[in-house]
Structures are given as structure tokens and as C-alpha cells.
Number of protein chains: 2
Amino acid sequence: MSVAAITVHPTSVAVIKYDQGVGRWEPNARGRLEQAALTLYIERGFEQTTVAEIAKRAGLTERTFFRHFADKREVLFWGAGLLQELVVSTVASAPDSVAPIDAVAAALEAAGAVLQERRESARQRQTIIVANAELQERELIKLASLASAITEALRERGVGEPAASLTGEVGIAVFKVAFERWVDETDHRDLSELIRESLDELKAVTAAR
Amino acid sequence: MSVAAITVHPTSVAVIKYDQGVGRWEPNARGRLEQAALTLYIERGFEQTTVAEIAKRAGLTERTFFRHFADKREVLFWGAGLLQELVVSTVASAPDSVAPIDAVAAALEAAGAVLQERRESARQRQTIIVANAELQERELIKLASLASAITEALRERGVGEPAASLTGEVGIAVFKVAFERWVDETDHRDLSELIRESLDELKAVTAAR
DNA sequence: CCCAGCGATGTCAGTTGCTGCCATCACGGT
DNA sequence: ACCGTGATGGCAGCAACTGACATCGCTGGG
């Protein structure tokens, strides 16, 4: 089975098979599964794609798919953990003088910068997600998890409740709005920029008289 | 009514025949299914309950369950639509002089008052939900739908973007935080009160400078 | 050099959520 | 008396997952 036939994924290692038996199986099974899934989700849509088809295209079996991904949806979301780590560590490392909401904004901007570099694949991914309710549910729970992680990071900075929870949830709200604009806008403003703008707008909207 | 029989004697199928053949089937199939589902979700947990069991306890078949509820989770969420209608109409009917964020807060407080009257069943329901990730996903998408509906109501009031989206999302954020406190707090503060407090806290947290 | 254990995968059977299709049959109207 | 309708039953089938066990190259200790 020619792995080379499958588009190379950014995170996948060299797919070229050099001399020396490379092992019992082709390398990078996970990457092949991911690539196969993405391709099929785009070609036929998420619901119309079966796990058996994904596995077959990756040269593996259905059972193996479920050893690498908890479920059919998770293929699209395993990267969320990395983003979350980045956001949390950025919040944690902000100077004490920075207000909680601004520390969160800075962290989200950092995450935004990462997404900015993967703009096209991020958009493609989002196109798949918005077309399917199950995928939106999964995305929402990942965002909720991110909000909880931010809340926890703030509490470790000494922020009390309910301020920590509110700041975490509101940070996610800002991120959601900015991300949505970033994805379907024609101009090419940076996500970080949109996050900053959204936060400013939020401050205006919530300003007590 | 047979629903009451089920409530009182959870383990009995209780198919009581009333005078006069009241019809080909026992009345209130949907209610019986809902009651059976809630009972079983509490007794054994959501995952450990099969739809076949729910249907059997309600004296119906699995196929009929899916005619009344789109899926196994939806039993716990069909009421969300009513809440959403209430919130949207309250936002729409607020005087023009009221700031968007305060119109949303008032609408959420109205919804909170409704939940306050069903305090015990709301708590019970939440206990089931927090114990299962799939149910949390469903709850999150219902809240996201509510946020969209609020956004739409604001736009019809003439609020522009991204202010409308931000206000809708932030309203939900406030509601989530308040609801969470309401559910697991020992004192007996009203949900409406907690929503108001959370909004005030939010305004403090987002105050520029 | 050999062998035992490990790790990634395959194979297979089984459960469960969910859907489509057609049958049934009381009820209400004509 | 007949006919359409609506709520249900029955059944077959698909697809997402899971558990149990088999396979076999690789690796490390003796």
C-alpha cells in the first residue's frame, strides 16, 4: 500500500520508505488515519463517511481506528489539547500587574497566532464542523474545557470566585465571536487582531453606566 | 393517571385500565416515556440505561420512543425550547431605553424564575447531566442555540455586530456561572438573584482599566 | 544466538443507538 | 357502513463502538 499516495500531513514524519525493512507495518498509522478521515469528511461529508472507509483508505482496520481516536469525531479535535496547554501556560506566566481579563485576552491572542499560521486548514476544518451538529457539540465541549482550564489558571493566580469563572467563560465568548468572524470574513485581518477588537467591544457593551 | 402510578411505584409497570376503553392505547405515551427515562437515568445512570428498557417500562416499544424523542439524550432537553421562547420574547419586549446587556439579563432572570419554581427537578436533571459527557455536549449546544436566539433578538432591536453576538454569548456565560452556583450551593438564594450578582461581577471584571 | 515479552495491529463476535418500511387498528368524519 | 388518519408495533438492517483473543516483528537479557 503506497502511503505516498496520501497527502503528507504537517505533523507526519517522512513517509518515504527507505531500504531496510521499516518494520512490520507502515509507519505513522495515526497520521494516515487522520489524513484519510479529513479527506473523506470533505469529499462526502462527516455523516456519509464510515469509520470502515477511513480505515480502509489508511490501509488499516476499523478496530485500529478506535485505538487511535476515541470516536469518529475526535479526529478533528485532538489538537485542541495543545492549544489549551498554550493558553493555560500563557495565562499563568502573565505578570501579576496584568488584569485577569487582559491576561486571558493575551493568552487567546497567542493561540490565535498559532491558528493564523494554519489558516487554511483551520478554515477547512471549520467548514466540516459547521455542517454537522454532532461536531458542533464536540467543539463546544472542547471550548468549555478550555474555559475551565482558564478558570483554574486564574484561581492559581489568586483570582476568587465567581470572578475566575466569569473571566474564563467570557474569554471563550470573545474567542468564539472573533473566530467566527475570522473564518467567514473576506478581508484578511489577523485572528489576534479580531480577538483584541472583540474584547474592546465587550468592554464597551458591559460598561456600567 | 398512570404517570402518577409510575412515580409512586417506580418498579411497577403499572398499566392501569380506566373505565371505558379510553382509546386504543394508554394516554400520554410521551409523558410515560419521559418519566421512565428519568427514573432509569437516576437509578442506573444514563449510559447503563438502554432505550429498550425505557420503552418497556413505559409499556411501549423502542421504535415508539424514537418517534417521540429524536434520540436518547433529548428526553432531558425538550423543555429547553420553551425557555428559549421565553427569553427571546422577554428580550424583544424590553423598552428601547434598556441597554442590550440589561435586556438580556432581565430575560435570563425571567427564565431563572421559572427554573426556581422547579428547583428540585432542575437539580435532579443537572445531576444526571454532569455525570455524562454526551449529555453535557447536548446541554452546551442548547445553550449555544439560546445565545444565537438572543443575538437574533438583539439584532432586531437594532443592535449591530459584533455587539449583538458578544452580548448574547456573554449573557449565556453569566447564566452558566449563576446556574452552576445555584445548583450546588447550600444556601437558598434565588437563581434570579445569582444572575444579577453574576452580571454585576462581570461588569466589574471587564471594566476597562 | 535464542527466547520471552512487548507493542501495534488484525479478527471476530456482540451490544446498542437509530432508521426505513410496512402492517395494524381504533377513531372520526362523510 | 366505509374510508382516511394517526399512533403504535414489528422487523430488518446499518454503523458506531467494545471486549477478547490471536499474530508476529522487534528488543533486551542471558
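Note on naming: letters A, B, ... go to the chains in the order of the sequence lines (proteins, then strands), and numbering restarts at 1 for each one. Any value given below was found using the heavy atoms of this structure, including those in side chains, with hydrogens, waters and symmetry copies removed.
- The interatomic distance linking B/Glu26 (CD) with D/dG9 (C1') rounds to 16 Å, in whole Å.
- In this structure, B/Phe69 places its CZ atom 16 Å from C1' of C/dG17, rounding to the nearest Å.
- Taking only side-chain nitrogens and oxygens, B/His68 never comes nearer than 4.0 Å to OP1 or OP2 of D/dA7.
- Salt-bridge check for A/Lys72 with A/Glu134: failed, with every basic side-chain N at 4.0 Å or more from each acidic carboxylate O.
- A cation-pi geometry, defined here as NZ or CZ lying under 6.0 Å from the six-membered ring centre and within 45° of its normal, holds between B/Arg30 and B/Phe69.
- One interatomic measurement links the two molecules: CZ of B/Arg67 to C1' of D/dC11, which rounds to 12 Å at whole-angstrom precision.
- The nearest whole Å value for the distance from the CD atom in B/Glu47 to the C1' atom in C/dT16 is 12 Å.
- Closest to the side chain of B/Thr64, out of D/dG25, D/dT8, C/dG10, is D/dT8.
- In the set D/dT8, D/dC17, C/dT9, D/dT8 carries the atom at the smallest distance from any side-chain atom of B/Trp25.
- As rounded to whole Å, 12 Å separates atom C1' of C/dG17 from atom CZ of B/Arg63.
- A tilted orientation is assigned to the rings of B/Phe179 and B/Trp182, their planes being inclined by 30° to 60°.
- Heavy atoms of B/Ala52 sit nowhere under 4.0 angstrom from any nucleic acid atom.
- Proximity note for B/Phe66 (side chain, C-beta onward) versus C/dT16, C/dC18, C/dA8: the nearest is C/dC18.
- Separating the CZ atom of A/Phe65 from the C1' atom of C/dT11 is a distance of 19 Å, rounded to the nearest angstrom.
- Comparing A/Lys72 and B/Glu62 along DNA chain D, the residue whose closest nucleotide (by nearest heavy atom) sits nearer the 5' end is B/Glu62.
- Shown here is B/Glu53, whose CD atom has more than 12 heavy atoms of other residues, nucleotides or ligands within 6.0 Å.
- Interface remark: the A/Arg24 side chain does form a donor-acceptor pair with the D/dT23 base, using a distance-only criterion of under 3.5 Å.
- Put simply, B/Thr61 has no side-chain N or O that comes within less than 4.0 Å of OP1 or OP2 on D/dG10.
- Looking at A/Val174 and A/Glu201, their side chains never come closer than 4.5 Å, going by heavy atoms from C-beta outward.
- Remark: P of D/dA16 and CG of A/Asn132 are 12 Å apart, rounded to the nearest angstrom.
- Between the CD atom of B/Gln48 and the P atom of C/dT16 there is a distance of 11 Å, given to the nearest Å.
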